[in-house]
Amino acid sequence: MFASVRSATLLGVQGRSVDVEVHVGLGLPGFTIVGQPDETCRESRDRVRAALLSCGLEWPSTRITVNLAPSGERKHGASLDLAIALGILAADGVVAPESLYDYAFVAELGLDGSLRRVRGAAPLAFAAGDRVVVVAPPDAGEAGAAARRGVRTAAHLRDVVDCVGRTRDWPRPADAPLAPERASPVGRERPAPDLADVHGQPVARRALELAAAGRHHLLLVGPPGAGKTMLAERLPGLLPPLTDEQSVTATMVHSAAGLEVPGGGLVRRAPFRAPHHSSSLVAMVGGGTSAMRPGEISLATHGVLFLDELGEFPPAVLDALRQPLEEGLVRVARARTAVVMPARFLLVAATNPCPCGEGTPGACVCDDAARARYVRRFSGPLLDRFDLRVVVTRPRTDELLASDRSEVTPVVAARVAAAERVALARQACHNAHLSGEALEAHAPLHARARSLLRNELERGTLTGRGYHRVRRVARTVADLEGAPGTVDADHVATALALRAAVPAPRTAAV
Amino acid sequence: MSGRARVGPDHVGRRDATLAALAALPGIGPRRLRVLLAHHDPEQAWAVVRRQSRAAPMVAAMLAERGLGAQVAHHATDGLLATMRARLARTPMRVTCIGDADHPEALRHDPAPPAVLFARGDPAALGARRAGIVGTRSATAAGRTFASHLAHELAGEGVAIVSGLARGIDAWAHRGACAAREAGAAASPVAVVACGLDVAYPREHRELRRRVEACGLVLAESPPGTAPEAFRFPLRNRILAALCEVLVVVESRAVGGSMLTVGEAERRGITVLAVPGSPRNAAAVGTNLLVSQGCAPVTDADDVLVALGLDRRRARDPAWDPRPAPDSEAACVLAALRGTPCTLDELVVRAGSPLAHVARALGRLEAHGWVHHAGGWWEALVP
C-alpha cells in the first residue's frame, strides 16, 4: 500500500536527494501529488499513467497520493517521473518495495514507457549517494562520471521493472546506444584551433602563453580585423587538460546547464565560453528559473570566458563579474533560495580602442565626448583586474603571406604545462592568485628588478595595485623562461611592457 | 574697461557695454555688424536697432530683410545691456570697434575684419612679427612635441605665436610660446578663441588661457557669455589667419579646422608652411597634401624665420637637449620607432630583438623622455 523510492532534483549545480513516497489506498479513484512540485513535476501524472498503460501494466483505480520528501523544498523538472511510476507499482504490489531500496531513479518517462534523458544527470546521480543510479541510456556517461556506486541504464520502463525484479540482468552501459548528437563527429571534441595560424604578432602570442601559464586575465585592444577573436580562441588549446577534480566540477556545471558533455562523460578539456554582448545579467551569472540554471561564468569554470566587444556589454553585467573574479565562485540569491556556483575562470576580453575602431594616434576620428563615453564604460575597477593588456594591430600583408609557420600549439602548451607545474609545486596555486605576502616568499626580486619597479612607482606610472599585478606576471615570465628562483629585471620589464595603459587616457587628445 | 582690477557694473563704460550688446544680438553677424558700425557710432547704432533713431539708408535696407529689424528690436533691450555690463564687470576686457585707433592694425585691411573685438592681456603683443601655428586636435605625441619646440624657438627669436587655444597642436604651441616668454623672450603668445572671453572652453585649458592672458593676448570676436557654438570656429579661424604673417600647419588630417584656416590664409595671400610627416601617419595626411601642393616644408624654426625674412643671429645651441643620449640597445629601439607610432607587437618585429630587451630599452627611453606611451602605442620624441 505504501512505497518509498529514491530520486533527486536539481538546484543550481547541485542535486538534492528526494524520496518519492507513494500511498495507494482506499478512496475515490484519484491522484494527488504534494511536496511543492513545479508545473513539470505535476504533469508527470499524465506521463506516468500513459507509460504504465503502454507497458501493459495496470493503473490502480483507487486513491493515489504521492509525496515528494522533504516537502519544504521546491522540486523541479521531469527527473522524478521514473521514481513516481515505480513507487506506484511498488505500492500496488506489482514490484517488491524492498527491491527498490538499492537504487535511485533519475529519468523522464515517455508516453510509450521509454526512458528519456534529463538535465543535470551528473549532479543528480551524485545526490543519489550510496545507491545505484538508474538513468536513461543517453545519460550513462554523465551520471557515470558522478555516481559513487555505479550506474544502470534501461531504455524502457518494462526493462526497469524486469531488472529490479531480477527476472533479467541490467544491460551494461556500453551496450546502450549513443544519443545521435554524441555519435556525430562535430561538437566539442573537435580539436582546438592551432596557434600557428596566427602570423606575426609575437607579443600577443606571448601574452596568450603567459595568460595560460599564470591564469592572468587578458585584455586585447585593437581595431576590427586585428585578430583578437582568433587569438582568444587559441587560448583553451594552451591550457593543460583538467585535473580529475576540476573535471568533475566542470562536468557538474555543464550537465546542470543541460549542455552536451563529451562521450567519455567528463569535461576533460578547458571549456571556452564566448557569450554575446547582448547576454543578460542572469545569463551571465546564473539564476532565471527557480531551478537556478548556471550562467556563462560558471560554465567557463576552469576554462576561458571570452568577452568580445567588452565596451558593448551593459555596465551592470560587467560589474557583476567583479565579485566572482575575486572569489572564484558566484552567490546567486533569490527570495526563496540562494545557491553558490563555481566561477573560477580565466577572463579574456577584446575591445576596440574607441568607437571608430582606429587606435593609431592621430588617426582617430571620434569626437571627444563619444570617446570619453566609450572609455568610461570599461575603465575603472574591471580594467584593473586585467594583468595583461595588449594592443594588437592588423597584420601587414607580408606577414599574412609569410610561409614560415610560427610555433604550433603543442610546443607552447608543453611550456605552459611545465611552468604551471613549477608554480603549483612551489606555492600550490597559480601565479595570478598569489597574495601580497606570498609574492615576497615565492617571487623574490633581484636588486635590479627592484630598482626598476621603484622607478616606475616614483614616476607615478604604476599604482600600488598595479605593482602586485606586475610582480605576479613577472613571476610567470620567469617561470616560462625556466628561472623558478629570483625574478630578474628582464622579467619585470616584460611584465611592465605587457600592461599597456589602455584605453588611451584623455590627455592623449589634449 | 581697460583696467585689470575688478570694477562694478556702474563703472563699465557705456560704449563697451553697447558694443558688447550689439555683438550679442541674434541675427547680427560680423558682416551686418560691420555695416551697422560703418554708418553709425555705437550709441547711435543701439538707438537704431531699438527703432528710436533713423537708420542710414543702407542700414535701413539691411534691417528690412526678412523681418530682421523686428527680431533685432525685440532682443535689443535694456536687460541685454545690463547683462553685458555685468559680464564686462565680472571679467574686465578691452572692447574695440572697427575704426578705433587701438583696433589691431593687422586687421585694418582685411576683407572680412571683425567689427568688434574683445581682448584680455597685453595689446602690444601684436606689435611683434607674427607666425601662426595650427593643427589637429587629435595630434600624435610627436606632433605635439614638435609644435611646442617650434613655438618655443620662434618666440625666442622674437616671433609672436598666434594660435587658437584648441586641444592638441594649438595648446602645445601656446605652451611652448608661454614658456619662452616666461623665460624672458621678447615675443608674447596670442590666442584667438571662438567663444566669449569669460567662457572656459575647452575646460581643461582654463589654466593655459590664464597663462596666455598673463604673458600675452587673448582675443575674441564673440561678446562675453557666448557659448562655443560650432559655426563660430570657422569665423574665428579667419581672424586667426588674418593676424598671421605666416601660418605653420604642424599636423592635420585632409579635412578639418586647420585646413579651413589654411583656406582663409590663402585667400589673404598669407604664406602657408606645413610640417611634413610620415605617409603612414594619419595625422599628417593634410600637411603632406599641403607640401605636395607647393607649401614650403618646415623642419625647424629656421624655415619659418626664412619665410618671415628674418635672419637667425644666434647659432643653435647643441647642448639644448637635456636628455641623456640613449645607449646602443635603446638607440636601436628608438631608430625602429622613428616615423610612425607603433604598438609593442610591431616594434618587436621591427627591432628584431627579444621582447625582454625591447621592454627594457623602452623603460629607459620613457624614463628619459625619449619615447611617449599612450593607449598601448609608442612614439619617438625626436626633433
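Every chain is numbered from 1, with letters handed out A, B, ... down the list of sequences. Just so it is clear, the model here is predicted, and its values are computed rather than measured.
In this structure A/Glu481 satisfies the side-chain contact (heavy atoms from CB on, under 4.5 Å) test together with A/Arg206, A/Val477, A/His491, sequence neighbours excluded.
Residues B/Trp377 and A/Thr393 meet the side-chain proximity criterion, which asks for heavy atoms closer than 4.5 Å.
Among residues 274-285 of chain B, the residues having any heavy atom closer than 4.5 Å to a heavy atom of chain A are, in sequence order, B/Asn281, B/Ala282, B/Ala283.
For chain B, the option among A/Ala497, A/Gly200, A/Pro202 with the highest count of heavy-atom pairs below 4.5 Å is A/Pro202. Comparing B/Ala361, B/Ala142, B/Gly143, B/Pro341 by how many heavy-atom pairs each has under 4.5 Å with chain A, the most go to B/Pro341. Annotation: maximal heavy-atom pairing with chain A below 4.5 Å, among B/Arg364, B/Glu346, B/Glu379, occurs at B/Glu346. When each of B/Val349, B/Thr136, B/Leu355 is scored by its heavy-atom pairs under 4.5 Å with chain A, the top score falls to B/Leu355. By number of non-hydrogen pairs under 4.5 angstrom with chain A, the leading residue of B/Glu251, B/His357, B/Glu366 is B/Glu366.
Nearest heavy-atom pair across B/Gly363 and A/Arg459 is O-NH1, 4.3 Å.
Contacts of A/Asp490 with chain B are made by both backbone and side-chain atoms, with heavy-atom separations under 4.5 Å. Heavy atoms closer than 4.5 Å to chain A are found in both the backbone and the side chain of B/Leu344. With a 4.5 Å cut-off on non-hydrogen atoms, B/Arg253 touches chain A through its side chain but not through its backbone.
Distance OG1/B/Thr343 to CD/A/Gln201: 8.5 Å, rounded to 0.5 Å.
Formation of a donor-acceptor pair under 3.5 Å by the B/Asp345 side chain with backbone atoms of A/Val392 is not found in this model.
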